[in-house]
Amino acid sequence: MADEDSAKGRPARARAAGNRRRYARLAPLYDLLDRPFERHYRPGRARIGAAAVGVTLEVGAGTGKNFPYYGSAARVYASDLAGPMVLRARRRQGRPVRALLIAEAAALPVRRASADTVVATFVCCVQADPRPALAEMARVLVPGGRALCLDYTVPSHPMLRLLMRLLQGPLRLLYGIHWEHDVPRLLEAVGLRIREVRRIWGPAVRYIAAEQSATHD
Ligand SMILES: C[S@@+](CC[C@H](N)C(=O)[O-])C[C@H]1O[C@@H](n2cnc3c(N)ncnc32)[C@H](O)[C@@H]1O
């Protein structure tokens, strides 16, 4: 996996600080900028909301776009790196969402094996190296717990690949976009078993459900 930032010797903490500043700045505009795409994401958010059960930890929750989709089977604790995004999320905080916290996805203030479900939507695609965050998600899952992701991936079709490569440059400046990750493979690499991969918006946006092993304690 390409990791330009670490190739330049930039430590993970500095990358997280970069995203914190970026999303603190973007917070007032985030929902507006995202509006044209949101209808394409909705089926993925609905699927995640329906699948989330028990103690549910959402990482990189942003302005709380997933909150309306959680059902009463989930007790949601939502986190994000950027304080201003968390403040925006508060406006969407309904009953299943018990608490909001500021936390980095790669250093969650949560005990090992304490969440039945972890959720990350469009969080891998804004990180140069999402592996530490995914490892942390696996750590906090109970045996048999589920990681539910919605994320971009570069499709195999050459024209779409080219288009996404061209768009990635300007979008990286704005959102810190990294579309190059193969999220199912990365989830497997942190020890989770892929249960479902489903197209949500063309071949680029996918819903991925992965399961922690029964022996994880
Ligand atoms: C593209 S937005 C997605 C927001 C939301 N999950 C959604 O689906 O609309 C990415 C979010 O991840 C957060 N984020 C980026 N890097 C993070 C990190 N290392 N730890 C926790 N959150 C992070 C950003 O602050 C931002 O809110």
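One-based numbering, in listed order, for ligands and for the atoms of each. What you see is a predicted model, and the numbers here were worked out from it, not measured in a lab. Just so you know, residue 1 is the first one in the sequence shown, and it goes up from there.
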Practice prompt. Output, in order, the C-alpha distance, side-chain angles, deciding distance and verdict of salt bridge (charged side-chain N to carboxylate O under 4.0 Å, His left out) for E38 and R45.
Written response: CA-CA 10 Å; E38 194 51 36; R45 297 195 192 282; 2.6 Å; yes

Shortest protein heavy-atom distance from [atom], along with the residue and atom involved:
{"atom": "atom 8 (O) of ligand 1", "value": "T121 OG1, 2.6 Å"}
{"atom": "atom 10 (C) of ligand 1", "value": "F122 O, 3.4 Å"}
{"atom": "atom 23 (C) of ligand 1", "value": "L81 CB, 3.6 Å"}
{"atom": "atom 15 (C) of ligand 1", "value": "N19 ND2, 3.4 Å"}

Counting from 1, what ligand 1 atoms have a heavy atom of [X] closer than 4.0 Å?
{"X": "V126", "value": "1 (C), 10 (C), 15 (C)"}
{"X": "M85", "value": "27 (O)"}
{"X": "A103", "value": "21 (C)"}
{"X": "D80", "value": "11 (C), 12 (O), 13 (C), 24 (C), 25 (O), 26 (C), 27 (O)"}

Does ligand 1 come near enough to [X] that some N or O of the ligand is less than 3.5 Å from an N or O of the residue?
{"X": "E104", "result": "yes"}
{"X": "A105", "result": "yes"}
{"X": "A106", "result": "no"}
{"X": "Y30", "result": "yes"}
{"X": "D34", "result": "no"}

Discussion item. Contact between ligand 1 and R22 is defined here as a heavy atom of the residue under 4.0 Å from a ligand atom; is it met?
Written reply: no

Got a donor-acceptor contact below 3.5 angstrom from the [X] side chain to the [Y] backbone?
{"X": "D151", "Y": "C125", "value": "yes"}
{"X": "Q212", "Y": "A138", "value": "yes"}
{"X": "N19", "Y": "V126", "value": "yes"}
{"X": "R206", "Y": "R199", "value": "no"}

Discussion item. I'd like to know if the side chain of S213 pairs up with that of R193 as donor and acceptor (distance under 3.5 Å, no hydrogens or angles considered).
Written reply: no

Discussion item. What I want to find out is whether E188 reaches R185 closely enough, with some N-O distance under 4.0 Å, to be called a salt bridge.
Written reply: no

Item to complete: Look at the rings of W201 and F37 and say which category their plane angle falls in: under 30° parallel, 30 to 60° tilted, over 60° perpendicular.
Response: tilted

Discussion item. Please find the pair of heavy atoms, one from E58 and one from F67, that lie closest to each other, and give the distance.
Written reply: OE1-CE2, 3.9 Å

Worksheet item: Does ligand 1 have a heavy atom under 4.0 Å from the side chain of Q127, from its backbone, from both, or from neither?
Response: side chain

Worksheet, complete the sentence: Looking only at non-hydrogen atoms, the one of Y175, Y152, Y41, Y23 nearest atom 26 (C) of ligand 1 is Y23

Worksheet item: What residue among R92, R91, R88 forms salt bridge (Lys or Arg N to Asp or Glu O under 4.0 Å) with D31?
Response: R92

